[in-house]
There are 2 protein chains.
Amino acid sequence: MILNLDPRSNTPIWEQVVHQIKELILREILLPEEKLPSVRELSGTLLINPNTVSKAYQELERQGIIETLRGKGTFVSASIIPKADDQKTTELKQQLKQLIIDASYLGIDHQTLSKWLKNFSEELGGKNSHAESE
Amino acid sequence: MILNLDPRSNTPIWEQVVHQIKELILREILLPEEKLPSVRELSGTLLINPNTVSKAYQELERQGIIETLRGKGTFVSASIIPKADDQKTTELKQQLKQLIIDASYLGIDHQTLSKWLKNFSEELGGKNSHAESE
DNA sequence: ATAAGTGTACTATACACAGTAATACACACA
DNA sequence: TGTGTGTATTACTGTGTATAGTACACTTAT
């Protein structure tokens, strides 16, 4: 598995790993029940520390996206059930508001943002049903 | 001026100050040419260090949103011209994509995001013209 | 049993950055 | 002259990221 990591980014490496694996699952490049690379293997290909990969895997498991079986490996969860989280939802709305503010100062209007949102949504969510309620 | 700061947030205090002042300007609660609180005064009301406020002001000035006159104070710029920045625009699009991914795992669909985007845009951009090109 | 591969836990270290603290400087204005 | 302004500098503390090395518990295959 090859991920694009930016060591100079302000977002931690383990968080970048979490983000990109979530995207790979959404795009169905990683399928349910599929085995992920081992901690040591992925740390080798990404040239980062095993602990960093482990931290990313633990966070993904905490979110119920992957499952770990001791001695066997880590696997994409068979069924990923989106769970509503009021606090995270509030944070996400706040993040969206800030994004709109930043866009405004870049001269990007609502229509453009709306178009981007539509494009990304079709690109990401067209294949699966995470975003479809129940 | 009263801002809502969260010392336990992962985003630095100076960045929170930057964000919220940009929002106050967009909402026209802070008007062009209006004087901002002094570094020492704002640090007093917010119970943070003067250096932290200074850092926020310097960042806002770097973005052309406020102007500082040595010995006089800091003021909202007379005319805030949104400047297109390819790199920042790319980052913003990346941020939007990540937001959509996070939303997906929270069970929030495209339609809901689109609605929130519309609401926030009307709430923020209805009064001024930052987002209107030229 | 043995060995290899798995995730996990622990300690230690280095590094960067946020934030605080204290001080000093340069300028505007009354 | 004095006060208020933004700025600069230095030092210190705390926190979090990341690396490094080691050890442990478990699964699987030999």
Side-chain angles (χ1 to χ4, degrees), chain A residues 1 3-21 25 30 33-78 91 98, chain B residues 1 3-21 25 30 33-78 91 98:
Chain A
M1 176 158 45
L3 305 178
N4 286 337
L5 301 182
D6 181 7
R8 296 179 310 176
S9 170
N10 41 355
T11 62
I13 296 180
W14 64 267
E15 204 168 335
Q16 297 183 41
V17 174
V18 168
H19 286 163
Q20 298 196 27
I21 289 183
I25 293 175
L30 290 177
E33 310 268 14
E34 184 173 345
K35 186 177 183 306
L36 293 167
S38 74
V39 169
R40 291 171 179 79
E41 181 188 353
L42 187 54
S43 71
T45 60
L46 299 181
L47 298 178
I48 59 180
N49 195 278
N51 294 337
T52 305
V53 177
S54 180
K55 188 169 186 177
Y57 278 8
Q58 289 179 46
E59 173 61 20
L60 284 168
E61 186 179 24
R62 201 191 59 80
Q63 296 183 24
I65 294 171
I66 68 178
E67 293 170 0
T68 69
L69 299 178
R70 258 232 274 251
K72 299 189 66 174
T74 63
F75 304 84
V76 180
S77 294
E91 290 174 5
Q98 190 54 48
Chain B
M1 176 157 44
L3 305 178
N4 284 337
L5 301 183
D6 181 7
R8 295 179 310 175
S9 170
N10 41 355
T11 61
I13 296 180
W14 65 268
E15 205 168 333
Q16 296 183 41
V17 174
V18 169
H19 286 162
Q20 298 197 27
I21 289 183
I25 294 175
L30 290 177
E33 311 268 13
E34 185 173 344
K35 186 178 183 305
L36 292 168
S38 74
V39 168
R40 290 171 180 80
E41 181 188 352
L42 188 53
S43 71
T45 60
L46 298 181
L47 299 178
I48 58 179
N49 195 279
N51 293 339
T52 305
V53 177
S54 180
K55 189 169 186 178
Y57 277 9
Q58 289 179 46
E59 174 61 20
L60 284 168
E61 186 179 24
R62 200 191 59 78
Q63 295 184 23
I65 294 172
I66 67 177
E67 293 169 0
T68 69
L69 299 178
R70 259 234 273 250
K72 299 189 66 175
T74 63
F75 304 84
V76 179
S77 294
E91 289 174 5
Q98 189 54 49

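Note on naming: letters A, B, ... go to the chains in the order of the sequence lines (proteins, then strands), and numbering restarts at 1 for each one. These numbers come from a predicted model, not from an experiment.
- Going from atom CD of Gln16(B) over to atom C1' of dG19(C) covers 13 Å, rounded to whole Å.
- The phosphate of dT5(D) (OP1 or OP2) has no side-chain N or O of Thr68(B) nearer than 4.0 angstrom.
- The backbone N or O of Thr68(B) lies less than 3.5 Å from no partner atom in the side chain of Thr74(B), so there is not a single donor-acceptor pair.
- For the pair Leu69(B) CG and dT5(D) P, the computed distance is 14 Å after rounding to whole Å.
- Among dA21(C), dA25(D), dT19(D), the nucleotide with an atom closest to any side-chain atom of Asn49(A) is dT19(D).
- In the displayed structure, Asp6(A) atom CG is contacted under 6.0 Å by more than 12 heavy atoms of other residues, nucleotides or ligands.
- Contact annotation: the side chain of Leu3(B) approaches that of Val17(B) to within less than 4.5 Å [non-hydrogen atoms, C-beta and beyond].
- Remark: P of dT27(D) and NZ of Lys35(A) are 15 Å apart, rounded to the nearest angstrom.
- One interatomic measurement links the two molecules: CG of Asn10(A) to C1' of dA18(C), which rounds to 14 Å at whole-angstrom precision.
- Between Thr52(A) and the phosphate of dT19(D), there is a side-chain N or O to OP1/OP2 separation shorter than 4.0 Å.
- Between Leu36(A) atom CG and dT6(C) atom P the separation is 12 Å, expressed in whole Å.
- dA4(C) atom P lies 18 Å from atom CD of Glu41(A), rounded to whole Å.
- dT8(C) atom P lies 14 Å from atom CG of Leu42(A), rounded to whole Å.
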N/O to N/O distances under 3.5 Å, protein versus nucleotides 14-17 of chain D:
unit_1	atom_1	unit_2	atom_2	d
dT17(D)	OP2	Lys55(A)	NZ	3.1

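- Using modelled atom types, one finds no donor on one side chain facing an acceptor on the other under 3.5 Å when comparing Thr45(B) with Glu41(B).
- Checked against dG21(D), dT9(D), dC26(D), the side chain of Asn51(A) finds its nearest nucleotide in dG21(D).
- Donor-acceptor pairing under 3.5 Å, judged by distance alone, is absent between the side chain of Arg40(A) and the base of dG5(C).
- One can place NZ of Lys72(B) at 18 Å from C1' of dT7(D), the figure rounded to the nearest angstrom.
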Discussion item. side-chain contact (heavy atoms from CB on, under 4.5 Å), that's the test. Do His19(A) and Gln16(A) meet it? Break it down for me.
Written reply: CA-CA 5 Å; His19(A) 286 163; Gln16(A) 297 183 41; 5.6 Å; no
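- The phosphate of dG5(C) (OP1 or OP2) has no side-chain N or O of Ser38(A) nearer than 4.0 angstrom.
- With hydrogens and angles ignored, the 3.5 Å screen pairs no side-chain donor or acceptor of Ser54(B) with any backbone N or O of Pro50(B).
- In terms of heavy-atom proximity, Trp14(A) sits nearest to Thr52(A) at CB-O, 3.7 Å.
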